[in-house]
Amino acid sequence: MSHVLLVRLAAPLQSWGAVSRFSHRDTHSRPTKSAVIGLCAAALGRDRTDSVDDLAGIAFGVRADHPGTPVRDYHTVGAGKFPFRPRDVITDHRRAAAVAKSMETAEGPGFGHHELAGWYGAPKKIAADPVSGTLVSGELSRTALITERWYLSDAAFVVGLQHEDRTLLEEIAYALEHPKRLLWLGRKSCPPSGTLAAEILPGTIAEAFAAKRLLPGPEGPEPPDRRPWAWIQAPSGARGASLVNDHPVTFDPARRTHATRWETRTRITIAPTATDWDIIP
């Protein structure tokens, strides 16, 4: 018999990156399997280099009770003039040589007072220096970077984790409420709010989603006849299923790998006998 652990993912901000780079950090419209499995692995205290084969074998589904509102966070990084500091040159002999002439003509104290233009910003083209062996920027001068980060505001999702081994799901549920590592919803600036692990129900993800009422929204309980969208992992090639590339193979930073899996998109009809949430919001 299969069992389903229901997990509540709610917070003021969430961000589930799909194709993120430094200058543009996007967010998916819903939690990804890779992110949720990573959340469970962190709660269990696993390192990034540890195997996640047992967790990746869990079937995954997500119900969007409150999809949230996309919000954009605009950043500028670097540029402008700043006082010269010792740490700006001790790790890069090239920068020390470049600033030497400017320091020779400076009046008064140097460190903490002498200002340099085009000196501060995000380093680019990082590589090992052939002389010192330390990692340095390929460009001595630095310009401002404009970046943007996207989040989901006031979103609330219900994740279903389906497996035949109830003991494994119980271990995950306990770990989510007693995590061995810090947890966040996609990004470190997005800590979860309230209870995560709900309960373990018999059956499939679709049945578990139908057996649980919608999470309360910002304005209170939701009408029982609203039918939220859900995305549920499906067998390979299932009718109406589509491919998604978020099945985690390894989180090892040196060889991080994802594989494809199949999922279906469907509306969930909440059963009249559905139970309410006994959680801390």
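Residue numbers count from 1 along this sequence.
Between atom CZ of residue Arg48 and atom CZ of residue Arg256 there is a gap of 5.5 Å, rounded to the nearest 0.5 Å. Considering CZ of Arg187 and CZ of Arg25, their distance stands at 6.5 Å, rounded to 0.5 Å. Rounded to the nearest 0.5 angstrom, Glu199 CD and Leu169 CG are separated by 13.0 Å. The structure places CG of Leu152 at 9.0 Å from SG of Cys190, a figure rounded to the nearest 0.5 Å. Here the CD1 atom belonging to Ile270 is positioned 10.0 Å from the CZ atom belonging to Arg213, to the nearest 0.5 angstrom. A distance of 7.5 Å separates CG in Leu44 from CG in Leu176, rounded to the nearest 0.5 Å.
Across all non-hydrogen atoms, the minimal contact from Pro228 to Arg226 is CD-O, 3.4 Å. What you find for Arg166 and Ile200 is that their closest heavy atoms are NH1-CG2, 3.3 Å. Closest approach of Gln162 to Ile205, counting heavy atoms only: OE1-N, 3.1 Å. Between Pro248 and His258 the shortest heavy-atom distance is CA-CD2, 3.9 Å. Of all non-hydrogen atoms in Ala197 and Ala173, the two that sit nearest each other are CB-O, 3.5 Å.
Other residues, nucleotides and ligands place more than 12 heavy atoms under 6.0 Å from the CG atom of Leu243. More than 12 heavy atoms of other residues, nucleotides or ligands shown are found within 6.0 angstrom of CZ on Arg267.
With side-chain heavy atoms closer than 4.5 Å counting as contact, directly or through intermediates, the hydrophobic cluster containing Tyr151 also holds Leu13, Val71.
Seen from the ring of Trp277, Arg8 does not count as a face-on cation partner, given the 6.0 Å and 45° thresholds.
Note on ring orientation: taking the six-membered ring where Trp is involved, the planes of Trp229 and Trp231 are tilted (angle from 30° to 60°).
Using a cutoff of 4.0 Å between basic side-chain nitrogens and carboxylate oxygens, Arg46 and Asp54 are scored as salt-bridged.
The side chain to side chain donor-acceptor pair (under 3.5 Å) check on Ser153 picks up nothing, with sequence neighbours excluded.
Under the 4.5 Å side-chain contact rule for hydrophobic residues, Leu55 and Leu183 share a cluster.
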